[in-house]
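Following: one structure in C-alpha cells, then a few remarks.
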Number of protein chains: 2
Amino acid sequence: MLFHIKDQFPELRPYLDKYLEFQERLEVPAKTVLLEEGKISGNYIFVAKGCIRAALNNNGDDKTTQFFFENEGLTSLESFLKNTPSLFTIETIEPSIIYLLPKKYVTALLDDLSHEPRFLKVILGFLAERQLHYMHEFVSFIKDTAEQRYQNMLNDRPHIIQRVPQHYIASYLGITRVHLSRIKSALARKQG
Amino acid sequence: MLFHIKDQFPELRPYLDKYLEFQERLEVPAKTVLLEEGKISGNYIFVAKGCIRAALNNNGDDKTTQFFFENEGLTSLESFLKNTPSLFTIETIEPSIIYLLPKKYVTALLDDLSHEPRFLKVILGFLAERQLHYMHEFVSFIKDTAEQRYQNMLNDRPHIIQRVPQHYIASYLGITRVHLSRIKSALARKQG
DNA sequence: ATTATTCGGTAACATATGTTATCGCCATGC
DNA sequence: GCATGGCGATAACATATGTTACCGAATAAT
C-alpha cells in the first residue's frame, strides 16, 4: 500500500520516507510461511523480489486464493483492520526478498496522511483498484467456465502461469489439478 | 456511500446535508432499469425502499451479480471512477423508492471531505468492507460447492432468499435454476 | 550416483452440474 | 371468465468436473 505509492505519487514521498527505516528486510527461501492462518496479522508485507501466495486450509486441502509478485504489497486486510485472525496463510513460492512494516507504523502513517487532502484520492483509487480486482474475479466465477478462466489468466496474467506450480493455479481457478491438466491438453489439441 | 454514513457518523452530517437537496427521488415499479450495461454511470444510487440487482448479459443469458436492499447504496464503481461503460445493468426487482445523486455532486462532496481528517477512516472502513465482501464471495467460489454457497446464503442473507426470484439467485450462485431447485429439494429431504 | 519429493500427464470411474422439455401454480391483463 | 407469462419442480439425458491411482520427468536431499 505504501512503497509502490511512493513512485507513483512523488508529492507523498516525504510522508513515506519517514517510515522506510522501520521496515525489516527478509531474504527467505521458497515455502517460507510469513503469516499463518489463524494468527493476527502484524505487518504490512511488500514483495521486492520473488513471489508469494495466500492460501487457506479447507478440510485438509490447500486452496490458493491469491498470488503476489515483485512490487506488490499486501496485508490480510480483515486481520489488519479488525484485529481478527487471518483467514489466510501467506507463504513464499520462490526464494524471495520481503520487507515487513509493523502495523503500528502503518497506522501512524495513515494518521499522518489523513491530514493531507491529496491523499484521499490516492487511497480511494488504490482501494477501488483492489475492490475491482476481487469483483472481476467474483464475476468471472459467475459467468465463465473453468476453461475460460484459464484463458483469461493466460491473457491477463501470463506470468502466473510461467512462475507458479500448476496445482496452486488449479486451486486458484477453483478446480483440481487433474482438471487443469485436461484443460491444457484440450487447448493444445485445439490449436497448439 | 453517503446517506447511510450520515447516521453512523453524526460529525460528518454537515458535509452531507448540503447535498441532500440535489438528490432526485424516484418511485418506480419492478423491473425498472436504472442503468443500462454499456452506458456510463451518472449517479450514485441509494435504495430507500424495495430491492434492486446488478446483472450482465453473458452471450444471451442474464447473470445476476449483486443484490441491494433498503438503506444500501451503490455505484457501478468502475464506471463511476474511470468513466468507462458500466459492466452491469442495474434494475429494480420490487417496486422501489430510489434516490439518485448526480456524479458531479458526489465528486464535489469527496473534495469537501478530503479536507476533513476524520473522514479518511470512515472511507477506509467503508471501502474495506466492500472489498472484504467481494473477497469472501470470491473465496467461497474457490472453496465451497454450490450447495454450501446456498447454505451460506441461507445463514448470512436469508432476506435474499425470501424476497428474490429463484432464477436470479441461481445465477448469483453461479448455477442454473434447475440445479438450484435440485439443491433445495436435496436439503429438504435431508432435514426439512 | 542414488534415493526421495515435487510436479505434470493420463486413464477409469464417480459425482456434480448443465440442457431441454414438460407440468402445475399463481398472478396479471384482457 | 379466459388467455398469458412468470415462476418453480422434476425427469432424462449430456457434459463438466472430481477422485483415485499410476507413470515418468525433473529437482532436491543424502
Side-chain angles (χ1 to χ4, degrees), chain A residues 28-33 50-51 53 55 58-64 67 91-96 140-154 160-190 192, chain B residues 28-33 51 53 55 58-64 67 91-95 140-154 160-190 192:
Chain A
V28 294
K31 301 208 181 197
T32 303
V33 172
C51 73
R53 70 188 185 107
N58 189 45
N59 296 100
D61 48 303
D62 176 291
K63 303 279 188 181
T64 297
F67 301 105
E91 182 186 270
T92 55
I93 294 175
E94 300 172 357
S96 302
S140 168
F141 271 105
I142 288 180
K143 61 186 274 238
D144 298 327
T145 65
E147 181 169 330
Q148 288 170 309
R149 287 200 305 283
Y150 179 72
Q151 289 267 30
N152 294 343
M153 186 183 262
L154 262 178
I160 295 184
I161 288 159
Q162 284 148 16
R163 291 172 64 176
V164 172
Q166 200 163 300
H167 57 286
Y168 294 154
I169 295 176
S171 74
Y172 179 80
L173 292 173
I175 62 180
T176 60
R177 62 215 162 98
V178 176
H179 189 50
L180 177 53
S181 195
R182 279 192 287 238
I183 286 172
K184 284 177 70 173
S185 69
L187 287 178
R189 233 174 298 121
K190 279 181 196 165
Chain B
V28 295
K31 303 210 179 195
T32 304
V33 172
C51 74
R53 70 187 184 108
N58 190 45
N59 297 100
D61 48 304
D62 176 289
K63 302 279 188 180
T64 297
F67 301 105
E91 182 186 271
T92 56
I93 294 175
E94 301 173 355
S140 168
F141 272 105
I142 289 180
K143 62 186 274 239
D144 298 327
T145 65
E147 181 169 331
Q148 287 170 311
R149 288 200 304 281
Y150 179 72
Q151 289 265 30
N152 294 343
M153 186 184 263
L154 263 179
I160 295 184
I161 287 159
Q162 286 149 14
R163 291 172 64 175
V164 171
Q166 199 161 302
H167 57 286
Y168 294 154
I169 296 176
S171 73
Y172 179 79
L173 293 173
I175 61 181
T176 60
R177 63 217 163 99
V178 176
H179 189 50
L180 177 53
S181 193
R182 278 193 287 237
I183 286 173
K184 284 179 69 174
S185 69
L187 288 178
R189 235 174 296 121
K190 279 181 196 166

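Reminder, nothing fancy here: chain letters follow the sequence lines and each chain counts from 1. Computed over heavy atoms, backbone and side chain alike; hydrogens, waters and symmetry mates excluded.
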Requested in this report: Could you pick out which residue, B/Val178 or B/Ile183, lies toward the 5' side of DNA chain C when each is mapped onto its nearest nucleotide?
Outcome: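 The answer here is B/Ile183.
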Query raised in the report: Side chains of A/Met153 and A/Tyr172: does their closest heavy-atom pair fall under 4.5 Å?
Result: yes
Report yes if a side-chain nitrogen or oxygen of [X] is closer than 4.0 Å to either non-bridging phosphate oxygen (OP1 or OP2) of [N]; otherwise report no.
{"X": "B/Thr145", "N": "C/dA16", "result": "no"}
{"X": "B/Gln166", "N": "D/dA9", "result": "yes"}
{"X": "B/His167", "N": "D/dG8", "result": "yes"}
{"X": "B/Lys184", "N": "D/dG8", "result": "no"}

Please report, rounded to the nearest Å, how far the [atom2] atom of [N] is from the [atom1] atom of [X].
{"X": "A/Glu94", "N": "D/dA28", "atom1": "CD", "atom2": "P", "answer": "12 Å"}
{"X": "B/Tyr150", "N": "C/dA16", "atom1": "OH", "atom2": "P", "answer": "18 Å"}
{"X": "B/Tyr168", "N": "D/dG8", "atom1": "OH", "atom2": "C1'", "answer": "14 Å"}

Starting the side chain at C-beta, find the nucleotide from [options] nearest to [X].
{"X": "B/Thr176", "options": "C/dT19, D/dG8, C/dT17", "value": "C/dT19"}
{"X": "A/Ser181", "options": "D/dG18, C/dA21, C/dG9", "value": "C/dG9"}
{"X": "B/Ile175", "options": "C/dG18, D/dC7, D/dT20", "value": "C/dG18"}

Query raised in the report: Does A/Arg182 get its side chain close enough to the base of C/dG8, under 3.5 Å, for a donor-acceptor pair?
Result: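 When only heavy-atom distances are counted, A/Arg182 does not reach the base of C/dG8 through any donor-acceptor pair under 3.5 Å.
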Query raised in the report: What is the bend of the helix from C/dA1-D/dT30 to C/dC30-D/dG1 when you compare the axis at one end with the axis at the other, using five pairs each and rounding to 10°?
Result: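 Axis-to-axis angle, ends of the helix: 40°.
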Query raised in the report: Closest nucleotide of DNA chain D for B/His179 versus for B/Lys31: which of these residues is on the 5' side?
Result: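 Taking each residue's closest nucleotide, the earlier one in sequence belongs to B/Lys31.
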